[in-house]
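A quick write-up on the structure given underneath.
The chains referred to below are lettered A, B, ... by the order of the sequence lines, with proteins before strands, and numbering in each begins at 1. It should be emphasised that the depicted structure is a prediction, and the values quoted were computed from it without experimental measurement.
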Amino acid sequence: MKSEPDAFSIDHLKKKGRAPWDGVRNYQARNFMRDGMKKGDLILFYHSSVEPPGVAGLARVAREAYPDFTSWDKKSAYYDPRSTPEKPLWLMVDVEFVEKFPRFVPLDTLRSTPALEKMLVIKRGMRLSVQPLSEQEFEIVCGLGQSLLVGGRA
DNA sequence: GCCAACGTTGGC
DNA sequence: GCCAACGTTGGC
């Protein structure tokens, strides 16, 4: 999952412990949250629009997809008049903090790692804020980040 | 249902 | 700040 750290970073999540992933306003990304994310699933937390962009750590699905209440909040930047509490258009999941990687994994590193050549995030023009990846890719990225979950260090 | 215009994303 | 890539909108 991608976030601009100015708005919401892995450190923000660490401080809060758990947070709703609100503001997703793209159908494909919404559908990935709805169909592809189960409680307990691990998530790569990606920092975008910063130098360097890359994977900052791990989160976990704490609550499966449910209506994004910011979509009918007129005061929200994410307000969408087509969405109502009765007929919600947009969804979100709750995520909880797992860890900040001991070593930040820059996009450049993802690109130069042969086993990650099929990973969506390195594809040209890939702007989806929620993307699926394989277990193998996930584990390789965790290794690069020196995740505490890898190699029995936890 | 097509597609041009427009808005947004996000790496650079 | 630029701009390529992509998604959405709306006229026809």
Length of the line joining A:R25:CZ and C:dT9:P, which is rounded to integer Å | 13 Å
Of A:D80, A:N26, A:D68, which is the lone residue that meets side chain to side chain donor-acceptor pair (under 3.5 Å) with A:W90?
-> A:D80
Write down the distance between CG (A:L110) and C1' (B:dC12), rounded to a whole number of angstrom.
-> 16 Å
Got a salt bridge between A:K100 and A:D11, using NZ or NE/NH1/NH2 to carboxylate O under 4.0 Å?
-> yes
Nearest-0.5 Å distance that lies between atom CG in A:L110 and atom CG in A:L120 | 12.0 Å
Parallel, tilted or perpendicular: rings of A:W21 and A:F8 (30°, 60°) | perpendicular
Please determine, for the side chain of A:S48, which listed nucleotide (B:dG11, C:dG7, C:dT9) has the closest atom?
-> B:dG11
Here the distance between atom C1' of C:dG7 and atom CH2 of A:W90, to the nearest Å, is 10 Å
Please determine, for the side chain of A:Y46, which listed nucleotide (C:dC6, B:dG11, C:dT9) has the closest atom?
-> B:dG11
Between B:dT9 and A:K2, is there an OP1 or OP2 to side-chain N/O distance shorter than 4.0 Å?
-> no
Are OP1 or OP2 of C:dG7 and a side-chain N or O of A:R30 less than 4.0 angstrom apart?
-> no
Starting from P on B:dC12, measure out to CD1 on A:I122 and report it in whole angstrom.
-> 11 Å
Atom CG of A:N31 and atom P of C:dG7: how far apart are they, to the nearest Å?
-> 13 Å
Base, sugar-phosphate alone, or nothing: which one does A:R111 contact when heavy atoms must sit under 4.0 Å apart?
-> sugar-phosphate
C:dT9, B:dG11, C:dG7: which one has an atom nearest the side-chain heavy atoms of A:Q28?
-> C:dG7
Separation of A:M126 atom CE from B:dG10 atom P, in whole Å?
-> 9 Å
Under 4.0 Å between a side-chain N or O of A:R127 and OP1 or OP2 of C:dT8?
-> no
Can you tell me the distance, in whole Å, between the CD atom of A:Q131 and the P atom of C:dG7?
-> 12 Å
When rounded to whole Å, the CG to C1' distance for the pair A:L128 and B:dG10 reads 13 Å
Under a 4.0 Å N-O cut-off, is there an ion pair linking A:R60 with A:E96?
-> yes
